[in-house]
Trainee: 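Mind having a look at this structure? Questions to follow.
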Amino acid sequence: MTNEIDHRGRTALVTGASSGIGAAFARTLAARGSTVVLVARREAELTRLATELHRAHGVATHVVVADLSAPDAAEQVAAAVADLGLEVDVLVNNAGFSAYGPFVAADPRRDRDMITVGTTAYVGLTHQFLPAMVARGDGVVVNVSSAGAFQALPYQLVYSATKAFVQAFTEGLWAENRGSGVRITAVCPAAVDTEYFQVLGGHEEAAFGRPISPDRVVEAALDAVDRDRMYTVVGLRWKVTVWSLRLFTRRRNALTYERLSRPRVRAAA
Ligand SMILES: NC(=O)c1ccc[n+]([C@@H]2O[C@H](COP(=O)([O-])OP(=O)(O)OC[C@H]3O[C@@H](n4cnc5c(N)ncnc54)[C@H](OP(=O)(O)O)[C@@H]3O)[C@@H](O)[C@H]2O)c1
């Protein structure tokens with residue numbers, strides 16, 4: 001059953017709003033009449049987007065510059081929001097990044113930051129804003145997960161482990177808060193056309209097919225919110241793929257994705 005959320009007059013906080021899926025969430029929510037609070041590290045990109053959205057839609061826009069790899073980032077963001085005199089009605093936990101390559105060659109600090117941005121910040125911001133939503137009996141939390149949350153992704157294994165965390169976290173939250181008036185959804189895309197692959201180092205082995213647009217992810221996520229779905233995998237092909245994982249053993253799935261994403265040896269020129 002669809003029960004559409006009216007975003008007019010709400011306040012939405014979007015992490016990772018300086019590019020990709022986060023910027024697309026901010027654009028759509030502002031177009032639907034939301035005040036938006038844009039969070040990321042790159043102030044210039046956030047300010048440009050805030051100006052664009054205010055001009056295009058006449059909504060209030062705010063920039064909160066924050067490095068979500070800091071362990072106390074959620075408290076800092078919440079303090080900035082309180083200073084602005086705002087209450088968050090819609091929280092989009094989206095900021096995240098991956099790295100490609102074998103675990104034994106990975107930079108431990110990069111992995112630590114990936115875990116902090118991709119799990120600690122999601123939990124921390126949810127702690128900051130969900131209790132007030134529950135008290136008001138109204139609100140939305142969207143956690144950007146991944147089609148990679150449902151099995152190990154060798155060569156991006158810490159990343160896929162963060163998404164498995166986000167998925168389990170979201171499903172538990174959804175179940176705990178049924179009937180509270182707060183909608184909680186995980187959106188699970190496969191490859192999306194964003195800066196993600198540049199940050200990853202341009203490895204096509206990590207993509208598994210043609211990337212979709214960030215707008216498709218946002219559309220699927222907000223549709224899932226309207227339907228009060230616990231999660232949505234974006235695109236029929238990936239819905240079927242994720243569903244079919246349950247037909248095989250976890251061992252088999254790990255080995256399949258190891259083979260599919262193994263670094264390709266390129267012939268010397
Ligand atoms: N693209 C895909 O194929 C794909 C597929 C499935 C899931 N996802 C997920 O979608 C989400 C958004 O990624 P995207 O594809 O839109 O990639 P993107 O274009 O690279 O955007 C990543 C966003 O995260 C922010 N971010 C990264 N590190 C941060 C930090 N330490 N502190 C604050 N913000 C930080 C970046 O902002 P700053 O650099 O300005 O800080 C940027 O706004 C991520 O959770 C990603 O895992 C992506």
Side-chain angles (χ1 to χ4, degrees), residues 13-28 36-50 63-74 76-77 80 92-100 109-122 124-125 142-151 153 156-167 169-170 186-218 220-221 231-235 238 241-242 261:
L13 183 143
V14 181
T15 69
S18 58
S19 66
I21 297 168
F25 265 109
R27 285 199 168 90
T28 300
V36 287
V37 182
L38 311 176
V39 181
R41 291 167 302 179
R42 287 174 291 171
E43 188 170 9
E45 276 79 352
L46 295 177
T47 305
R48 202 172 306 131
L49 182 60
V63 166
V64 174
V65 177
D67 183 347
L68 297 174
S69 68
D72 62 346
Q76 288 179 24
V77 170
V92 181
N93 282 309
N94 162 76
F97 66 93
S98 186
Y100 178 79
R109 279 170 309 177
R110 201 178 154 92
D111 279 351
R112 186 197 56 203
D113 287 352
M114 191 188 297
I115 293 167
T116 310
V117 175
T119 64
T120 309
Y122 278 51
L125 289 168
V142 175
N143 288 335
V144 178
S145 177
S146 167
F150 300 91
Q151 77 288 316
L153 282 186
Q156 289 187 78
L157 60 87
V158 172
Y159 173 74
S160 67
T162 67
K163 291 307 186 189
F165 179 104
V166 167
Q167 193 62 32
F169 173 60
T170 312
V187 62
C188 309
V192 187
D193 190 9
T194 66
E195 291 176 15
Y196 172 92
F197 290 102
Q198 279 153 253
V199 175
L200 192 73
H203 288 276
E204 63 209 38
E205 299 95 322
F208 309 114
R210 254 186 60 204
I212 59 169
S213 75
D215 286 338
R216 266 196 73 193
V217 179
V218 175
Y231 74 96
T232 184
V233 176
V234 186
W238 289 102
T241 302
V242 166
S261 52

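Whatever order the structure lists them in is the order used to number ligands and atoms, beginning at 1. Side chains are part of it too, since the values below use all heavy atoms of this structure and drop only hydrogens, waters and symmetry mates.
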Trainee: With rounding to the nearest 0.5 angstrom, report the CD to OG distance, Gln167 to Ser146.
Mentor: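 So the CD of Gln167 and the OG of Ser146 are separated by 9.0 Å.
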Trainee: For Asn143 and Phe169, what are the C-alpha separation, side-chain angles and deciding distance, and is it a side-chain contact (heavy atoms from CB on, under 4.5 Å)?
Mentor: CA-CA 9 Å; Asn143 288 335; Phe169 173 60; 3.9 Å; yes
Trainee: Is it true that a side-chain atom of Thr15 and a backbone atom of Ala95 form a donor plus acceptor pair closer than 3.5 Å?
Mentor: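 Yes, Thr15 side chain to Ala95 backbone: donor-acceptor pair under 3.5 Å.
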Trainee: Check for a donor-acceptor pair, side chain of Asn94 on one end and backbone N or O of Gly16 on the other, with a separation under 3.5 Å.
Mentor: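 Confirmed, Asn94 side chain pairs with Gly16 backbone.
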Trainee: Below 4.0 Å from any atom of ligand 1, which residues have a heavy atom? Give them in chain and number order, please.
Mentor: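 Those residues closer than 4.0 Å to ligand 1 by some heavy atom are Gly16, Ala17, Ser18, Ser19, Gly20, Ile21, Ala40, Arg41, Arg42, Ala66, Asp67, Leu68, Ser69, Asn94, Ala95, Gly96, Phe97, Val117, Tyr122, Val144, Ser145, Ser146, Tyr159, Lys163, Pro189, Ala190, Ala191, Val192, Thr194, Glu195, Tyr196, Phe197.
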Trainee: Do Val77 and Leu68 come close enough that some side-chain heavy atom pair is under 4.5 Å?
Mentor: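 Touching, per the 4.5 Å side-chain cut-off.
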Trainee: Are the side chain of Tyr159 and the backbone of Gly118 linked by a donor-acceptor contact shorter than 3.5 Å?
Mentor: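 Pair absent, no side-chain N/O of Tyr159 close to backbone of Gly118.
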